[in-house]
Structure formats: structure tokens, C-alpha cells
Amino acid sequence: NAMQLLSPSINMKTPPLNFALILSLSAFAVNQSLAQQYEVVELTSGSGHEVNEAGWVAGQQSPSNAYLWQQSGNNIIDLDAFASAYDVTLARSVNRFGNTVFNAFNLDNSAPQALYYDFATNTSQFLSTGSNAGGYANHISNGGVIAGKVNPVNTSNSLAAYWMSSASNPTIISGADGFTDANAAMDFVGWQAGSTVFTNDACLYRQSNATLYTLPAFGGGGSASANSINSEGLVVGDSDNQAAIWIESGPGLGTFQINAMQSADAVGQVGRSASDINNMGMAVGYLQSTRPAHNGNYQAFLYYDGFEAFDRAKHLEDFVVSGPEVRFEFANSVDERGWIVGTGAVRYPGGSWQTDRTLLAKPLLSLMPPLPGTAGNVNEFLTFGAAPSTKIYMAYSLNPNGSTDLSNWCPGLILDMANAQLATTGVSNSNGKLNFNAMVPMAAAGRTVYLQAFDLRNCKKSNLLSHTF
């Protein structure tokens, strides 16, 4: 039997997603709402440099110690103990197995040394530098490929390099002369994204054909730096002090277009640099803030490739709805769940601002705008921030003025629209992500629908999303 709620009612059986019927009625036009909702937790002092889908964070505690944070048990591993002879240590990257790369320095400006930490054995080792004086590791993939650089003997130059495993010698990326640095590695596409500082070029190295591609810069000849690449080949970084995203003209063509990540704060203002991009197309970075609370300092931003609502870089802290008051200054990494780690300041009720803190932003259940968002096409509705392997419901309404009470199933769960009807259901994957797909007929053109996802196991609801097809 279908479950029925008190008026207004919702039928909890799963009907087909039929927008022809939904949109044949009149609708209300409102502005697109912000989709993501985040809660922020403070992990420790210092900065978080990378977060991954297994719940690990690699970073540096104040004043100068590399650390690895484990979500399970809220445990912090002090990696500085494995390189105690050095003045400074910094953890850069961790893969899903907890294996981490970190770097050690002395304050006499001698060559840095790259290290590898194996979580399963709780041991570490120095990465081989071959005939070079030192090395620096930026990223480790889930397959164990490490991207970074080496420092040749008797020269101030550095050369982009990668290690196929922690036991291998470094491979120098051919053609990357001068001061170069490989910043990211991807197993499944064989790509490395790196930046050349001396030659003022952003580069992408494709391992499958051992080819180094120079990415275009703004103005045709300006400086550029590439920081991260995802499975779709989208590269993010910066050019001429603007956050940038590069898109390949076609699969395997080796030619790229550069686009700016415009800030939502003011016309003409741009993000300073994009730090990371995940496989959902979510990118994070930092920009020069115009907001008085930040006193002209940097502010973290969130950008979502492909979504009209995110055609400009949005301030990350605007999406925070739970946790202490925050000034999120740098967003350094985003994982496949949409978790974001960086640096900023926090203030708890009745307290003062605490600066230089590692901040972790965790998404609450969020419903994104449909893609492509037009009538006459199959549209994809993405939800993320759900609990893994959990049944998620999506409801719709043409009337946002009111509510729909679901407290018969979840105490206190009330949808933010009147006369909600169930559209469809699905089960989230291990990363808490779920895609709904539906054909939206041409008859829907110009109509506005209100959508909200919810979880009856954990009594959670997403943002209320409005969209005009």
C-alpha cells in the first residue's frame, strides 16, 4: 500500500519521473538557489593540503610539522617523527590507502627531500633522487604514482619528475626545462599536470605518448601554472593572477582552451588561483577578497564546471550552514565526495577569532541544478553529501509557499515546499553520490519546478532547488 501523509500529502511509492505531467501546470518563477550546503569542523592548527574520499587529510601543523589526519577515530599521525633531523616537514598528499608523501627541509636552503609514508606498516622512506641532490613530492595517486620534482646537483634549477612507485627512481619529464614542478598524477588517464615557473608556462604531460603540452595563457604570452587535473582532462590553475580552467578541444587532440573563473563578488574581479578539481567538476581555490571581514586578504572559493548557477566562483563560506563561524581563506583540495580542506580562522560563541586553523568542510545532502537544464533533453539531477549506500528520495512541487511534513517517518523532517509529490528514488554510491536521469519534454519550456532530495534513514533533507526549463 502507498504510504500517505497528512495534508499536504506525498505518495511514497516510486512513480516514474514524468515531467510532462508535472510541468503542464502553472509555475512560479524565482531565482536559482545556491545548491551546496556545508558544515565545517576544525581539525588542528596549521593548514590542510589534501583530503581524499577515504577520509584522510594531509597537511602541516603549526609551526612546521607534517601530519596525517584519519577520519576514523579522529586520529592525527605525526609524520614529523620520521624526519626529526630536519627543521621543517610538510605533508602534501595522501591516497585512499593512507599512503602519504611529505617533504623535509632545513632552514639553510639545502635541497629538500621527499619522503613516502606507508600506513599499513607505519614506516617511511626517502624517495630516490637518482643522481640529483634532492626531491620534492606533490601528489600520490591511488595507484601509487608520485608527481613532483628533483633538484640537480650544483644548480638552482628543478626538473619536473614522477615516480611510478615509492621504490622507483624518478623519471624526468622530457622537455620541462628550467624551474618546473609536477603537481598532480592520474593513474587511469596517464596524465600529469605541472607548472613551469621559470618559462612562465603551464604544462600537461601525457604519459601514454610521453608528450609535454604547453597550455595557453591569458593574453597569449602571460605566465601560467597548472595545479590539478581530473578524469575528464579538465585542468585548473592560474594565469596572470587569475584562476583558470583549461579544456581540451577534443579527446587526444592536445590543444586546449583557457577560461577564467570569474568571481561572483564584483564585476571584473577574478579568482587568484584554482588549487584542485575533482571528477564531478568541482574546483576550489582562493581569491583576493573585497569583503570587509577579510580585510583585503584571501578568501576560499568554490566553482562547479558545467552548472549555470556556478558560472562564477562563489565564496565557500557562503555555503556553510553548520559549525563555528568561519573565515575560509584558502581551499586547497576537494575530494570525490565534495569534502574540502584548507586554511582559515574560526570563532566559537563567546570567543575570539583563532587564526591559522585547518578547516574541513563536509557537504550536507545537496541537490545540484539539472544538466543540461533545458526542455527537450534527458536531464541529469545530481545529489551528493548523502550517507553511502543509502536510499535517497527526490520530491517536486510547483508551489514553494508552504511545507510538506514527513515527521511520520522522520521526526522533525519537513520539506520546504507545499504539496510535495515523490518523483523518483535511488541509492547513493560509496561516495554518497547519486544521479537521477529524466526526459524533460519541450512542453516544459519556460516552466519552473521546485525540487528537494531527502533521506528517511538519517532524517536529512537537501537544499530546495528551483529550476526553470
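Predicted model only: the values in this text are computed from it and were never measured.
- Aromatic ring pairs are classed by plane angle as parallel below 30°, tilted from 30° to 60° and perpendicular above 60°; the pair Phe82 and Tyr117 is tilted.
- At distances below 3.5 Å, not a single donor-acceptor pair connects side-chain atoms of Asn332 with backbone N or O atoms of Gly342.
- Residues Asn183 and Asn138 have side chains that bring a donor and an acceptor to within less than 3.5 angstrom of each other.
- Remark: aromatic rings of Phe330 and Tyr298 are close, center separation under 6.0 Å.
- For the residue pair Asn431 and Glu336, no side-chain donor N or O sits within less than 3.5 Å of a side-chain acceptor on the partner.
- Taking 4.5 Å as the limit, some side-chain heavy atom of Lys433 sits within range of a side-chain heavy atom of Met280.
- The side-chain tip of Lys461 does not point at the ring of Phe454 from less than 6.0 angstrom away and within 45° of straight on.
- Checked against the 6.0 Å centroid criterion, the rings of Trp56 and Phe119 qualify as a close aromatic pair.
- Ser45 and Gln61 form no side-chain donor-acceptor contact under 3.5 Å, judged by distance and modelled atom types alone.
- Taking a cutoff of 4.0 Å between a charged side-chain nitrogen and a carboxylate oxygen, Arg96 and Glu53 qualify as a salt bridge.
- In this pair, Tyr38 and Phe319 present their aromatic rings perpendicular. The plane angle is above 60°, beyond the 30 to 60° band.
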Practice item. Walk me through it: do Leu413 and Leu456 pass the test side-chain contact (heavy atoms from CB on, under 4.5 Å)? Key: CA-CA 9 Å; Leu413 183 60; Leu456 291 180; 4.0 Å; yes
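- The backbone N or O of Ser47 sits nowhere less than 3.5 Å from a side-chain atom of Gln60 that would complete a donor-acceptor pair.
- Geometrically, Arg327 engages Trp353 in a cation-pi contact, judged by NZ or CZ lying under 6.0 Å from the ring centre and within 45° of the ring axis.
- Comment: Arg337 engages Asp335 in a salt bridge, judged by a side-chain N to carboxylate O separation of less than 4.0 angstrom.
- For Asn463 and Gln452, the side-chain atoms include no donor-acceptor pair closer than 3.5 Å.
- Closest of all the heavy-atom pairs between Val40 and Val326 is CG1-CG1, 3.7 Å.
- Ser462 places a side-chain N or O within 3.5 Å of a backbone atom of Ala453 that can act as its donor or acceptor partner.
- For the 3.5 Å distance criterion, the side chains of Ser407 and Asp405 qualify, holding a donor opposite an acceptor.
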